[in-house]
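All remarks here apply to the structure that follows.
Labels below follow one simple rule: chain letters A, B, ... track the order of the sequence lines, proteins then strands, and each chain is numbered from 1. None of these values were measured; they are calculated from a predicted model.
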Amino acid sequence: MLIYNTLIRTKEEFKPITEGRIHIYVCGPTVYDYSHIGHAKTYVAFDTIVRYLRWRGNSVRYVQNVTDVGHLLDTGEDRILKGASRERVEPMEIVEKYARAYFEDMDALGVQRPDISPRASAHVPEQIEMIQTLIKNENAYESNGSVYFDVTSHKDYGKLSGRKIEDLEEGTREDVREEKRHPLDFALWKKAAPEHILRWNSPWGVGFPGWHIECSAMSSKYLGETFDIHGGGIDNIFPHNECEIAQSEAAHGKPFANYWLLTGSLTIDGVKMSKSLGNFVTIKDVLKKFRPHAIRFFVLSGHYRSPIDFSDEALEAASKGWERLAAPALAVKQKLNSPLNAGEADSGIVKAIHDARTNFISAMDDDFNTATALATLFDFNKVTNTLLNSGEAITRGTLEAIDAFYNETGAGVLGVIPNQISSSVNAEREAGLIQLLIEQRAAARVRKDFAASDSIRNHVEGLVMREA
RNA sequence: GGCGACGUAGCCAAGUGGUAAGGCAGAGCUCUGCAAAAGCUCCAUUCGGCGGUUCAAAUCCGCCCGUCGCCUCCA
């Protein structure tokens, strides 16, 4: 399996530290507002990657943090505190509300929950401990109640984002605070101003942790000091990911993550999404207009590293594409609910499934190429459609083999095909009733009662659409 | 200004040295009472432009043009 490793900017063979066991960490959201469509892209991508790694037989531990401590805006305000004052509630109410909303959105999109969703606020002692180590190692220093990481103390600083300390110095826009020795030094711990509500005791006084330290502390706690994959959005490559590496490697004296997978950003109508531009689109908004499977299909029809542009037109096209992708799989499930001839799976179909599976795997093995993987399903759909249209008797074994293939790949790995036709416990009875209507319509057509036939057709179509 | 990514058909999008996947849209045919769905066929001699390397380039190199992202909180 090949993976593009941003650390070395090339694809390379993926080798987990322990064969068959993969530890992955992905930077999670800061929960101070509703999640947007950009989060959907990132987390659907990693969800699919994790599903695939598992499907290939690996045992995966997937950790994704929930940032609930809040970080400083350029106005000096804390994002979570700002949200709290906006809504006139406790900071932790904000955190709770939006953390729940985040998981609701992810659940709706079929994103499987990470194995561990550690919260920054629940890991302050671990962060303090790590900061102490960094001070002891002379990679960090205290200054006026705050602690900063000394970027000049770590020779590899900049290795992920390809930046050099010298180049960055000139472009620094941030006001150089006299507390820092170097303008690029970043905060590990910040002294809390009196009005700052989120505060903890520490060896350096009352304060709160810096933005980057939580990911370092929590990843090493749950995945080890060196782990396999670190993921996130490309927009966090600098400074966040860079600082994570510097802190972790300085504290532990060993490599942090072996493979860095960073997803491309999402733009809206060609421009970056931002609140100030008023083009901030939440997942909840999109779910009102488009079905979750179509959103996943949209995300997965491009490569995870490529940027994608969101627009209603693009989602509408994706919805149509999704219908064509899923229709044969749903038709097979429908047919499995009706009486069928028992029998083994047709050997030609078994061969076609085998070929499709091989193609699917080779696409996904090549840096999780979901676009090509989807194409292999479209190709296989021709086999299914031709069979379904042949008018010949199809055995239950054949349909079950096809169904199993769609369930594994389209449903299990990509999450774009429903793995069952309806959650209703009466699905079988409903299918029987629909079958009865179809027969009634056929009878009406034979006696050329087209009014009755069309009426039945319209009703059945409505039922089947809702069910799918 | 610095760093990085990208530019493939009307649109979206794979493809990183061997002769252009797939989807949407569009055209024709088959099937049909009419439709829908589905099937078959067609739809880029060509990959932003210009040079170069090579038996061979969308793929490698150089220059130019254009778009986007990051450098400040961001998935």
Side-chain angles (χ1 to χ4, degrees), chain A residues 6 9-11 26-30 32-33 35-46 64 67 70-75 77-79 82 102 158 161-164 166-175 184 211 231-240 242 262-267 270-275 280 297-298 300-303 305-309 311 313-325 327-328 331 359 363 366 369-379 381-382 384-391 445-446 448-450 453-454 457-458 461 464:
Chain A
T6 303
R9 304 203 179 256
T10 17
K11 278 186 201 173
V26 174
C27 289
T30 301
Y32 70 108
D33 203 344
S35 304
H36 54 67
I37 187 69
H39 293 117
K41 176 189 190 307
T42 301
Y43 299 122
V44 164
F46 283 110
Q64 184 191 107
T67 296
H71 304 296
L72 298 179
L73 292 166
D74 47 9
T75 57
E77 286 173 286
D78 179 291
R79 297 200 305 216
K82 196 179 175 187
Y102 169 72
S161 56
R163 277 158 231 258
K164 294 184 176 64
E166 312 84 72
D167 295 340
L168 285 162
E169 276 183 68
E170 294 182 30
T172 306
R173 279 192 231 160
E174 183 186 355
D175 294 337
L184 287 175
W211 171 35
I234 188 76
D235 47 342
N236 266 336
I237 190 171
F238 189 89
H240 183 248
E242 198 65 71
L262 301 178
T263 58
S265 299
L266 177 142
T267 53
V271 296
K272 184 181 162 63
M273 172 165 42
S274 76
K275 290 193 174 178
F280 187 90
F297 178 87
F298 170 69
L300 298 177
S301 57
H303 189 92
R305 275 189 284 119
S306 302
I308 55 172
D309 188 53
S311 64
E313 299 73 55
L315 257 289
E316 271 153 28
S319 295
K320 288 183 185 165
W322 174 80
E323 280 175 33
R324 244 179 81 78
L325 176 76
N359 293 336
D366 184 12
N369 194 329
T370 52
T372 302
L374 284 170
T376 68
L377 294 186
F378 275 111
D379 286 338
N381 275 354
K382 291 200 174 185
T384 310
N385 281 325
T386 303
L387 178 74
L388 258 26
N389 276 287
S390 68
R445 297 181 73 215
V446 166
K448 302 217 184 292
D449 182 355
F450 298 125
S453 136
D454 288 355
R457 177 176 74 198
N458 294 336
E461 275 176 354
V464 173

Distance in angstrom units between [X] [atom1] and [N] [atom2], rounded:
{"X": "A:Leu315", "N": "B:C11", "atom1": "CG", "atom2": "P", "value": "19 Å"}
{"X": "A:Leu266", "N": "B:A5", "atom1": "CG", "atom2": "C1'", "value": "16 Å"}
{"X": "A:His303", "N": "B:A5", "atom1": "NE2", "atom2": "P", "value": "14 Å"}
{"X": "A:His240", "N": "B:C71", "atom1": "NE2", "atom2": "C1'", "value": "16 Å"}
{"X": "A:Phe238", "N": "B:G2", "atom1": "CZ", "atom2": "C1'", "value": "11 Å"}
{"X": "A:Ile308", "N": "B:C11", "atom1": "CD1", "atom2": "P", "value": "18 Å"}
{"X": "A:Arg9", "N": "B:C6", "atom1": "CZ", "atom2": "P", "value": "10 Å"}
{"X": "A:Glu323", "N": "B:A36", "atom1": "CD", "atom2": "P", "value": "15 Å"}

Nucleotide of B:G33, B:A75, B:G39 approaching A:Asn385 most closely (side-chain heavy atoms) = B:G39
A:Asn236 side chain: which of B:A75, B:G33, B:A38 is closest?
->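 Among B:A75, B:G33, B:A38, the one nearest the side chain of A:Asn236 is B:A75.
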Of A:Gly232 and A:Thr386, the one whose closest nucleotide on RNA chain B sits nearer the 5' end is A:Thr386
Taking for A:Ser161 and for A:Lys448 the nucleotide of RNA chain B with the nearest heavy atom, the one nearer the 5' end belongs to A:Ser161
[X]: side chain to side chain donor-acceptor pair (under 3.5 Å) partners, not counting sequence neighbours:
{"X": "A:Lys320", "result": "none"}
{"X": "A:Asn381", "result": "A:Tyr406"}
{"X": "A:Arg445", "result": "none"}

Between [N] and [M], how far is it from one [atom1] atom to the other, in whole Å?
{"N": "B:C47", "M": "B:U59", "atom1": "P", "answer": "9 Å"}
{"N": "B:A56", "M": "B:G49", "atom1": "C1'", "answer": "22 Å"}
{"N": "B:A9", "M": "B:C24", "atom1": "C1'", "answer": "12 Å"}
{"N": "B:A35", "M": "B:U30", "atom1": "C1'", "answer": "15 Å"}
{"N": "B:G23", "M": "B:G4", "atom1": "P", "answer": "37 Å"}
{"N": "B:A20", "M": "B:U45", "atom1": "P", "answer": "12 Å"}
{"N": "B:G22", "M": "B:G17", "atom1": "C1'", "answer": "23 Å"}
{"N": "B:G62", "M": "B:A38", "atom1": "P", "answer": "47 Å"}

Separation of A:Leu325 CG from A:Leu300 CG (nearest 0.5 Å) = 10.5 Å
Which value, rounded to the nearest 0.5 Å, describes the distance between A:His36 atom NE2 and A:Met273 atom CE?
->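 It comes to 4.5 Å.
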A:Arg324 vs A:Phe378 side-chain heavy atoms within contact, under 4.5 Å | yes
For A:Tyr43, the ring-ring contact (aromatic ring centres under 6.0 Å, His included) test, sequence neighbours excluded, returns A:Tyr102
Residues which pass ring-ring contact (aromatic ring centres under 6.0 Å, His included) with A:His303, listed by chain and number, not counting sequence neighbours =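 With neighbours one apart ignored, the set is empty.
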Contact list (N/O, under 3.5 angstrom) for nucleotides 65-69 of chain B vs protein:
residue	atom	partner	partner atom	Å
B:G69	OP1	A:Lys272	N	3.2

Counting just side-chain N and O atoms, does A:Asn369 come under 4.0 Å of either OP1 or OP2 of B:G15?
-> yes
Using the test side-chain contact (heavy atoms from CB on, under 4.5 Å), find all partners of A:Asp449 that sit at least two apart in sequence or belong to another chain.
->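 Per chain and number, A:Asp449 pairs via side-chain contact (heavy atoms from CB on, under 4.5 Å) with A:Ala444, A:Arg447, A:Ala451, A:Ala452.
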Using a cut-off of 4.0 Å between protein heavy atoms and nucleotide atoms, how would you tag nucleotides 18-25 of chain B 5' to 3' with B, S and -?
-> ---BSSSS
Base, sugar-phosphate, or nothing for [X], non-hydrogen atoms under 4.0 angstrom?
{"X": "A:Ser35", "answer": "nothing"}
{"X": "A:Tyr43", "answer": "sugar-phosphate"}
{"X": "A:Gly38", "answer": "base"}

Scan every strand shown for a Watson-Crick or G-U wobble partner of [N], both distances under 3.5 Å, and answer none if you come up empty.
{"N": "B:U72", "value": "none"}
{"N": "B:G18", "value": "B:C55"}
{"N": "B:U67", "value": "B:A5"}
{"N": "B:G39", "value": "B:C29"}

Residue among A:Ile234, A:Asp235, A:Asn236 satisfying side chain to side chain contact (heavy atoms under 4.5 Å, CB included) with A:Leu262 | A:Ile234
Could you tell me whether the side chain of A:Asp449 has a donor or acceptor atom within less than 3.5 Å of a complementary atom in the base of B:G33?
-> no
B:A35 base to A:Arg457 side chain: any donor-acceptor pair below 3.5 Å?
-> yes
Just jot down the salt bridge (Lys or Arg N to Asp or Glu O under 4.0 Å) partners of A:Asp366, sequence neighbours excluded, or say none.
-> A:Lys11
Which heavy-atom pair separates A:Thr42 from A:Gly232 by the least distance, and what is that distance?
->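 Nearest heavy atoms, A:Thr42 then A:Gly232: CG2-C, 4.5 Å.
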